[in-house]
Amino acid sequence: MNCDDSHIYLPAYLDEELGVGECLRVQGHLAECGDCRRAQDEQLALRSALRDSDLYAHPSADFSKRVEAAVRGAAKGEARSQRPSWFQSLRLESFRWVPAAAALIIVTTIGALLVMNSLRSSHQQFIASAVLDGHIRSLQPGHLIDVPSSDRHTVKPWFQGRLDFSPPVPDLSELGWTLLGGRLDYVDGRPVAVIVYQRRMHNINVFLWPNHGSPDDAIKQEDAQGYQILHWNGAETAYWVVSDLNNAELLELARALRGH
Ligand SMILES: [Zn+2]
């Protein structure tokens, strides 16, 4: 089992919905993968946070009374119509559940919002680990560059016909970033462009693809397995920068790329 499979199986694993075989495969992967153990910890933390009693909104007695009064008023109006009496008693019986139902709706809404947030961030986590995998793969001999050139006028046109978008390839040599070239990679189910820069023998992979979401220029940073991962969403392009270069210099590069 690899990390992608583990991400897919993890929720079912935590819900104890997997068969013995799959369960053992997930456990085996978790035993040897720190990233997936962290994902597991995050999901467990979210689950326990959702059980936090602070999230449960209990309607005040006054609110419940007003809801009941409103419902009884409406019921009286309906009682004058010719509904069968068993139906009336059933409905009156159900009023007891109104406060509970109101609380349930509030709790469900808060829960759904939290889950949506966590899905968004777990998708980001998924992409972060995919670009990190891509970076590590690129460090294998012969995998870093498909089009070796320090000339942006060679690198940029090389992507034409290979991708359905034209990636920006800025020349940042005056700022001390040597352009090594570009390559195609595959992230989150789609081919993406990678522009490779270098500084003091540190390779920097800049993964690019069109940003279809709303732009968010704030540069997010995280480190994983000794590498730095920087990310932001430009107006047209989503950027993921990965390297073992130090954080401060990478932030410099990110700002230079963002300025282009
Ligand atoms: Zn894993």
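In this structure, CD1 on Ile229 lies 11.5 Å from CG on Asn247, to the nearest 0.5 angstrom. Taking CG of Leu44 as the start and OG of Ser48 as the end, the distance is 7.5 Å to the nearest 0.5 Å. Here Asp151 contributes atom CG and Trp158 contributes atom CH2; the two are 15.5 Å apart, rounded to the nearest 0.5 Å. Rounding to the nearest 0.5 Å gives a distance of 6.0 Å between CG of Leu30 and CG of Leu10. Taken from CG in Asp244 to OH in Tyr227, the straight-line distance is 6.0 Å, to the nearest 0.5 Å. The structure places CG of Asn205 at 10.5 Å from CD1 of Ile136, a figure rounded to the nearest 0.5 Å.
Looking at heavy atoms from C-beta onward, Ser166 lies out of side-chain contact with Gln160 at the 4.5 angstrom threshold. Residues Glu222 and Gln124 have side chains not in contact (no heavy-atom distance under 4.5 Å, counting atoms from C-beta outward). Considering only heavy atoms from C-beta on, His202 stays 4.5 Å or farther from Glu249 through its side chain. A 4.5 Å side-chain heavy-atom check between Pro11 and Gln43 finds at least one atom pair inside the cut-off. Pro167 is not listed as a side-chain neighbour of Thr237, based on a closest heavy-atom distance of 4.5 Å or more. The shortest side-chain heavy-atom distance between Leu230 and Lys220 does not fall under the 4.5 Å cut-off. Contact of the Phe126 side chain with the Asp4 side chain is registered, since non-hydrogen atoms from C-beta on lie closer than 4.5 Å. Between Asp217 and Arg258 there is a side-chain heavy-atom pair separated by less than 4.5 Å.
One finds no salt bridge joining Arg38 and Glu42 here, because no Lys/Arg side-chain nitrogen approaches an Asp/Glu carboxylate oxygen to under 4.0 Å. Electrostatic pairing of Arg190 and Asp188 does not count as a salt bridge here, judged by no charged N lying under 4.0 Å from a carboxylate O. Under the 4.0 Å criterion applied to side-chain N and carboxylate O atoms, Asp185 and Arg137 are assigned as salt-bridge partners. Taking 4.0 Å as the cut-off between side-chain N and carboxylate O, Arg66 and Asp62 count as a salt-bridged pair. Using a 4.0 Å cut-off between a side-chain N of Lys or Arg and a carboxylate O of Asp or Glu, Asp15 and Arg47 qualify as a salt bridge.
Side-chain heavy atoms closer than 4.5 Å link hydrophobic residues (I, L, V, M, F, W, Y) into clusters, and following such links, possibly through other members, connects Val196 to Leu139. Ile8 and Ile127 end up in different hydrophobic clusters when Ile, Leu, Val, Met, Phe, Trp and Tyr side chains are linked at under 4.5 Å. Both Val187 and Ile145 sit in one connected hydrophobic cluster of ILVMFWY residues. Membership requires side-chain heavy atoms under 4.5 Å apart, directly or through other members. Hydrophobic clustering of Ile, Leu, Val, Met, Phe, Trp and Tyr side chains at less than 4.5 Å, counting indirect connections, unites Leu14 with Tyr9. In the hydrophobic clustering of this structure, Phe207 does not group with Tyr186; members are Ile, Leu, Val, Met, Phe, Trp, Tyr whose side-chain heavy atoms approach within less than 4.5 Å, directly or through other members.
Heavy-atom neighbours of Glu236 CD from other residues, nucleotides or ligands within 6.0 Å: at or below the threshold of 12. By the 6.0 Å contact criterion, NZ on Lys65 is open, its count of non-hydrogen atoms from other residues, nucleotides or ligands being 12 or less.
Side-chain contact, Asp223 with Gln228: no donor N or O sits under 3.5 Å from an acceptor N or O. Tyr13 and Gln27 share a side-chain donor-acceptor pair at under 3.5 Å. Looking at Gln225 and Asp35, their side chains do bring a donor and an acceptor atom within 3.5 Å of each other.
Residues Leu175 and Ala256 come closest through the heavy atom pair CD1-CB, 3.8 Å. Closest non-hydrogen pair, Gly234 versus Asn211, comes out as O-ND2, 2.9 Å. The minimum heavy-atom distance between Ser149 and Val155, with the atom names listed, is O-CG2, 3.6 Å. Looking at every heavy atom in both residues, Tyr197 comes nearest to Pro170 through OH-O, 2.7 Å. Shown here for Glu32 and Arg37, the closest heavy-atom pair between the two residues is N-NH1, 4.0 Å. Closest heavy-atom contact between Pro168 and Leu208: O-CD1, 3.6 Å.
Between the side chain of Ser243 and the backbone N or O of Asn203, at least one donor-acceptor pair lies under 3.5 Å. Side-chain atoms of Arg183 never come within 3.5 Å of backbone atoms of Ile195 as a donor-acceptor pair (strictly under, hydrogens ignored). Not a single donor-acceptor pair under 3.5 Å links the side chain of His7 to the backbone N or O of Asp5. Formation of a donor-acceptor pair under 3.5 Å by the Asn233 side chain with backbone atoms of Asp216 is not found in this model. No donor-acceptor pair closer than 3.5 Å links the side chain of His231 to the backbone N or O of Trp240. Counting only distance, with no hydrogens or angles, the side chain of Asp146 and the backbone of Leu184 share a donor-acceptor pair below 3.5 Å.
A parallel orientation is assigned to the rings of Trp232 and Tyr239, their planes being inclined by less than 30° (bins at 30° and 60°).
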Point to revise | Asp171 vs Ser173, side chain to side chain donor-acceptor pair (under 3.5 Å): CA-CA, chis, key distance, verdict | key: CA-CA 6 Å; Asp171 183 348; Ser173 55; 2.7 Å; yes
Point to revise | Stepwise side chain to side chain contact (heavy atoms under 4.5 Å, CB included) check, Leu172 with Leu179 | key: CA-CA 7 Å; Leu172 304 172; Leu179 178 63; over 6 Å; no
Review point. Between Cys3 and Cys36, does a side chain to side chain contact (heavy atoms under 4.5 Å, CB included) hold up when you go through it step by step?
Key: CA-CA 7 Å; Cys3 292; Cys36 289; 3.9 Å; yes
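Screening Val242, Val194, Val241 for a side chain to side chain contact (heavy atoms under 4.5 Å, CB included) with His135, the sole residue that qualifies is Val242.
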